[in-house]
Amino acid sequence: MKRRDVMAAAAGSLAGLAAGGASAESGLLVGSLGAQWKRAALNLGVEFRSIEQPDKSWIVKWSNQGVFGVRGGIEMPMAEMPSIEGLRLAVMHEPLPVGHYLIHRFLTRPFKFTDEDKDEFHKISVSFEIQPGRVTYLGELVTWMSSGVDLPFGLVAPTGMMLTLRDECARDLRVLRAHGVAVSDETPLRVAWLDGDTPERIKRVP
């Protein structure tokens, strides 16, 4: 089955959520992606794939010029934005078939490409589960680019790129509901890195 067919089937099976019911075939992956565009100048993508069907993969991408690559990204309202100059965020919601998944890698790429620019992949390995009618929360992921300058949250970034991870589940679900997205009232499942060790190059912050 092609990706668009899988996604269409998943989206259709989520229709029960709008009526207050649960779906037996799919759940909803939710998270927010972003960049501080005045410094980072990077696209940020997250690739995840099905463990049961390793040939099935999905990539969620974000750029400072808007959301691209997936259906359903919502630019963060200014009233919900952290007070960090130049930060841009989007709340992503991706219906996925029930099963177990692996976050396989991050993708970064400059916003303004040249023919010499190439995608840079940062491999990781973090698993999560999609359950029927439930939300699984990925977290807020932001890419930063610096030369050792101070960053928000009391961090000093090494030269090059780093990613920060925050738990902003309540905010992200609030934004989705405000935009009419049907979200289960059950307590969301959480990707393991929100509570456990984070992969290299990712810094969990308050």
Side-chain angles (χ1 to χ4, degrees), residues 1-34 44-62 67-74 76 89-107 121-141 163 165-199 202 204:
M1 183 180 290
K2 294 182 179 179
R3 179 184 184 278
R4 62 176 178 270
D5 298 327
V6 172
M7 297 306 297
S13 64
L14 282 173
L17 289 176
S23 166
E25 295 84 20
S26 65
L28 195 65
L29 181 67
V30 172
S32 47
L33 303 179
L44 173 61
V46 181
E47 179 181 307
F48 46 94
R49 58 182 53 185
S50 168
I51 292 176
E52 289 88 357
Q53 302 180 72
D55 59 322
K56 300 291 192 302
S57 64
W58 291 262
I59 300 179
V60 176
K61 297 181 181 178
W62 161 249
V67 179
F68 67 99
V70 297
R71 175 187 60 81
I74 297 172
M76 187 71 68
L89 289 169
V91 182
M92 315 304 299
H93 55 103
E94 185 89 347
L96 292 174
V98 168
H100 296 84
Y101 293 81
L102 185 69
I103 300 174
H104 176 60
R105 57 188 176 184
F106 290 104
L107 159 68
F121 294 96
H122 311 278
K123 291 188 177 181
I124 59 172
S125 181
V126 178
S127 62
F128 65 91
E129 183 179 4
I130 296 292
Q131 293 186 6
R134 299 282 299 276
V135 168
T136 296
Y137 185 64
L138 177 70
E140 176 202 272
L141 285 162
L163 286 159
L165 171 68
R166 293 201 302 165
D167 186 344
E168 291 288 349
C169 185
R171 179 202 67 192
D172 291 348
L173 295 183
R174 186 166 60 246
V175 170
L176 291 181
R177 290 186 175 110
H179 282 77
V181 178
V183 177
S184 170
D185 289 330
E186 289 188 73
T187 301
L189 304 170
R190 298 158 63 84
V191 175
W193 62 19
L194 289 171
D195 299 307
D197 294 334
T198 55
I202 300 177
R204 189 171 62 243

Verdict with reasoning, Phe48 to Leu29, per side-chain contact (heavy atoms from CB on, under 4.5 Å): CA-CA 11 Å; Phe48 46 94; Leu29 181 67; 3.6 Å; yes
Verdict with supporting geometry, Ile103 and Leu138, side-chain contact (heavy atoms from CB on, under 4.5 Å): CA-CA 10 Å; Ile103 300 174; Leu138 177 70; 3.5 Å; yes
Check the pair Leu141, Trp193 against side-chain contact (heavy atoms from CB on, under 4.5 Å), reporting the backbone distance first and the verdict last. CA-CA 11 Å; Leu141 285 162; Trp193 62 19; 3.8 Å; yes
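Considering only residues two or more places apart in sequence or on other chains, Tyr137 meets the ring-ring contact (aromatic ring centres under 6.0 Å, His included) condition with none of them. For Arg177, the salt bridge (Lys or Arg N to Asp or Glu O under 4.0 Å) partners two or more places apart in sequence, or in a different chain, are Asp185.
At a threshold of 4.5 Å between non-hydrogen side-chain atoms, the residues Pro188 and Leu173 count as touching. Looking at heavy atoms from C-beta onward, Tyr101 lies out of side-chain contact with Thr136 at the 4.5 angstrom threshold. Contact of the Phe106 side chain with the Val46 side chain is registered, since non-hydrogen atoms from C-beta on lie closer than 4.5 Å. Counting heavy atoms from C-beta outward, His93 and Val135 have side chains that stay 4.5 Å or more apart. Looking at Arg190 and Asp167, their side chains come closer than 4.5 Å, going by heavy atoms from C-beta outward. Counting only heavy atoms from C-beta outward, the side chains of Met76 and Asp172 approach each other to under 4.5 Å. At least one side-chain heavy atom of Leu96 sits less than 4.5 Å from a side-chain heavy atom of Phe128. A 4.5 Å side-chain heavy-atom check between Ile130 and Pro97 finds every atom pair outside the cut-off.
In this structure, the separation between NE2 on His179 and CD1 on Ile74 is 5.0 Å, given to the nearest 0.5 Å. For the atom pair CG (Leu163) and CD (Glu140), the distance works out to 11.0 Å, reported to the nearest 0.5 Å. The line from CD1 of Ile59 to CD of Glu47 is 4.5 Å long, rounded to the nearest 0.5 Å.
When each of Arg171, Glu168, Arg166 is tested with Ser32 by the rule side-chain hydrogen bond (donor to acceptor under 3.5 Å, both in side chains), just one qualifies, namely Arg171.
At most 12 non-hydrogen atoms from other residues, nucleotides or ligands lie less than 6.0 angstrom from CG of Asp197.
The two atoms that bring Leu102 and Ser125 nearest to each other are CD1-OG, 3.4 Å, heavy atoms only. When all heavy atoms of Trp58 and Glu94 are compared, the pair lying nearest together is CD1-OE2, 3.6 Å. Contact detail for His104 and Arg49: the closest heavy-atom pair is CD2-NH2, 3.6 Å.
The closest donor-acceptor contact from the side chain of Arg134 to the backbone of Glu186 lies at 3.5 Å or more, if one exists at all. In terms of modelled atom types and a separation under 3.5 Å, the side chain of Glu52 and the main chain of His100 share a donor-acceptor contact.
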